[in-house]
There are 2 protein chains.
Amino acid sequence: MPNRRDLSHVGVATTRQEQKERTRQAILAAALELTSEQGFAGLSLRQVAREVGFVPTAFYRHFDSMEQLGLALVEQSFVPLRHMLRDARRDPATYDDVISASAQVLHRVVLANRSRFVFIARERFGGVAAVRAAIRHELQLFVTDLTTDLERFAQLQHWSADDVQMAARLFVNLMVSTAERLVETPSEAVREQEQIVTDVTRQMRLIVIGFAGWRPR
Amino acid sequence: MPNRRDLSHVGVATTRQEQKERTRQAILAAALELTSEQGFAGLSLRQVAREVGFVPTAFYRHFDSMEQLGLALVEQSFVPLRHMLRDARRDPATYDDVISASAQVLHRVVLANRSRFVFIARERFGGVAAVRAAIRHELQLFVTDLTTDLERFAQLQHWSADDVQMAARLFVNLMVSTAERLVETPSEAVREQEQIVTDVTRQMRLIVIGFAGWRPR
DNA sequence: TTCGTGAGTGAACATGTGTGCACCGTAACA
DNA sequence: TGTTACGGTGCACACATGTTCACTCACGAA
C-alpha cells in the first residue's frame, strides 16, 4: 500500500495524479503570465518550460502541442465569466437595479481575473486559428443564453426572434468591449476604472430605454 | 544630368526615391499579408524579407525595427477608416437614413480593406505594446471627433459632456465590434454578411431611440 | 518485497532567428 | 565627367526553437 504521508517535501500532499494536476496548473499559470506580456502566438514551448522549472521535453507529458495548451487556456479563462452569468441568473435581481449591479459585478470579476481577460481579449483575434474559434464559440454561447433570458422580459415578448438576438448581441458586445476597456486601464487608475463602470451602466440604460420605443418591423 | 528614361527594366519609371517608396510599400503589403495568417508578434524580419524578395539586412534600410514597421502598419491601416468618416462628415445625409447608410458604408469599406481591418482587430490587443498604444490612440480620436459631432444634434443639446462622450464611445464600440464581426465572417457568406449589416443598423437605431428617452442626471 | 509505469532528465539534431560587417553597382549630384 | 550617397548583397556569428531518443528513479499496484 502506498504511503500517502511520505511527502517528498514539506506541505504538499502528493499522490501521483495530484502532482500531475499541480504541474498542469503550473503550466497553465505560467503560460497565462507569459502570454500577457507577449501574446500566445509569440510564446514558445521552451519559455513555458523555463518558467515552470521544466526541461522542454517534459511539456509533452501534459499537452500534445502548444495549440492544445491554448485551447485549455481558453477553457480555463472562461470559467469565471460563466460562473458570473450563472450566478446572475440564479439570483434574479430587482429589475431597476439589475443594470448597475451587473456593471459592478463585471468590474469585480474582471479585476479578480485580470490575466484571464487579457488572454481572451488578446487571443480573440490572435495568431492561433483554433484558439480564435474556441473563443468565438464561447462568446456565441453567451449570445444564445442571453437571448433566451431576454425573451422572458415583458417588454420584449412581442419582438421577433431576430430582434431579440440582435439585442442580446449588442449586450454581449458591450460586455466584451467593457472588459477590454477595463483590462487596458491600469488597475491603480481608480478614477478611470469607475468612469468605465458608470459608462457601461449608462450605456446599458440607454439601450434598455431603446427597448421601450422599439417597434418591430 | 541623370537619365530618367534609362529604365533598369521595363514598365516602371524609376527615380531613386520612387524605387525606395515602392519597396517600402512592398514591405508593408508583405507584412500585412503575413500578419493576417500568424499575427504580427509571430512575424519575423526574415519572413518579411523573403516575401518581398529581399536579403534580410536590406530591411534596415527602411525600418529601424519590426516595431517601427508595426507603427507604420497602424498608420496605413487607419487611412480608409479616417477617409470614411471624413466623407461622412463632409456630406451630411438626411437624418433618418444616416443610420442605414452608415452601416452600408462601413460594410463596403471593411470589405474593400479586409486585411487592414484584420490587422487592426488582431493587433489592438496583440503582443506589441507600442502597436496597441497606437491603435488605442487612433480609436480615441474617433471618440472625440464623434463627440463633437453628436453635440450638434438637437436631441443631445442639453446632455452633459460626459453623457455625450459616453454615447460616442458606445457608437465607436459598435463600429469596432461590427468591423470585427464582418472580418471574422468569410466574405463569401453573403447571407451572414447582410445579417451583420441589418444587425448593426437596428442596434444603432435602438440606441438612437434611447436618446429620446434619456434624461440626464 | 518486487516490479512496471510514467513524470521528468539531458544531450543532440536541424532549422530559424536578429544583427554586424565588408562589399557592390548605380542613380543623383558636383 | 567624376564622385558620392545609398539601396541592396553575402557571409558570419551567437543565439533560440521544436522534436528525437535513451535515460533515471520513485510512486503505486502486485
Side-chain angles (χ1 to χ4, degrees), chain A residues 1-10 12-28 30-31 34-35 37-70 72 127-128 130, chain B residues 1-31 34-35 37-70 72 127-128 130:
Chain A
M1 181 181 280
N3 179 359
R4 297 200 176 180
R5 304 222 163 81
D6 180 32
L7 308 178
S8 63
H9 269 321
V10 283
V12 280
T14 297
T15 78
R16 210 155 212 188
Q17 61 177 347
E18 279 172 357
Q19 178 56 36
K20 177 160 190 184
E21 179 58 23
R22 204 172 304 125
T23 70
R24 187 190 144 96
Q25 292 303 323
I27 294 176
L28 290 170
L34 292 172
T35 297
E37 292 162 13
Q38 59 189 78
F40 187 75
L43 182 63
S44 77
L45 183 154
R46 285 178 114 101
Q47 276 180 307
V48 175
R50 225 175 295 133
E51 181 83 6
V52 176
F54 255 164
V55 98
T57 46
F59 177 91
Y60 294 108
R61 300 290 180 194
H62 300 271
F63 297 97
D64 285 348
S65 63
M66 287 295 285
E67 185 174 297
Q68 293 301 313
L69 208 207
V128 182
Chain B
M1 181 181 283
N3 180 359
R4 297 200 178 181
R5 304 224 164 79
D6 179 32
L7 307 178
S8 62
H9 268 322
V10 283
V12 280
T14 296
T15 78
R16 208 151 214 191
Q17 61 176 347
E18 278 172 356
Q19 179 56 36
K20 178 162 191 182
E21 181 58 24
R22 204 173 304 126
T23 71
R24 187 190 144 95
Q25 291 304 323
I27 294 177
L28 289 170
L34 292 172
T35 297
E37 291 163 12
Q38 59 189 69
F40 187 74
L43 182 64
S44 75
L45 182 155
R46 285 177 115 103
Q47 277 179 308
V48 175
R50 224 175 297 132
E51 181 82 7
V52 176
F54 254 165
V55 98
T57 45
F59 177 90
Y60 294 108
R61 301 291 180 197
H62 300 271
F63 297 97
D64 285 348
S65 63
M66 288 296 284
E67 184 175 298
Q68 294 300 314
L69 208 206
V128 182

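Naming convention: chains lettered A, B, ... in sequence-line order (proteins, then strands); numbering from 1 in each chain.
In this structure, CD of B:Q17 is placed 11 Å from P of D:dG7, rounded to the nearest angstrom. Protein atom CZ of B:F63 is 18 Å distant from nucleotide atom C1' of C:dT19, rounded to whole Å. In this structure, A:F59 atom CZ and D:dT17 atom P are separated by 13 Å, rounded to whole Å. Here the P atom of nucleotide C:dG25 and the CD atom of B:Q19 are 18 Å apart, to the nearest Å. Between the CZ atom of B:R50 and the C1' atom of D:dT9 there is a distance of 17 Å, given to the nearest Å. Atom C1' of nucleotide C:dG16 and atom CD of B:Q38 are separated by 13 Å, given to the nearest angstrom. In this entry the distance linking CZ of B:F54 with C1' of C:dG18 reads 16 Å, nearest Å. If you measure from atom CD of B:Q68 to atom P of C:dT19, you get 12 Å, rounded to the nearest angstrom.
A donor-acceptor contact closer than 3.5 angstrom is absent between the side chains of B:E21 and B:Q17. No donor-acceptor contact under 3.5 angstrom links the side chains of A:Q19 and A:R16, judged on distance only.
Among the nucleotides C:dT19, C:dG8, D:dG8, the one closest to the side chain of B:L45 is C:dT19. Of the candidates C:dA7, D:dG8, C:dT17, the closest approach to any side-chain atom of B:Q47 belongs to C:dT17.
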Using atom names, set out every protein N or O paired with an N or O of nucleotides 2-6 of chain C below 3.5 Å, distance rounded to 0.1 Å.
unit_1, atom_1, unit_2, atom_2, d
C:dT5, O2, A:R16, NH1, 3.4

Might you list the N or O atoms of the protein lying below 3.5 Å from N or O atoms in nucleotides 10-15 of chain C, with each pair's distance?
unit_1, atom_1, unit_2, atom_2, d
C:dG10, O6, A:T57, OG1, 3.0

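Legend: side-chain hydrogen bond (donor to acceptor under 3.5 Å, both in side chains) pairs involving residues 49-59 of chain A, not counting sequence neighbours: none detected.
B:K20 NZ to B:T15 OG1: the interatomic distance, rounded to the nearest 0.5 Å, is 12.0 Å. Atom CE of A:M66 sits about 5.5 Å away from atom CZ of A:F59, to the nearest 0.5 Å. The line from CZ of A:R24 to CZ of A:F63 is 4.0 Å long, rounded to the nearest 0.5 Å.
Under 4.0 angstrom from either OP1 or OP2 of D:dG7 there lies no side-chain N or O belonging to B:T23.
Looking at heavy-atom distances under 4.0 Å, B:R24 makes no contact with the nucleic acid at all.
Across all their heavy atoms, B:L69 and B:A31 have their closest contact at CD1-CB, 3.8 Å.
Using a 4.5 Å heavy-atom threshold, the side chains of A:Q68 and A:H62 count as separate.
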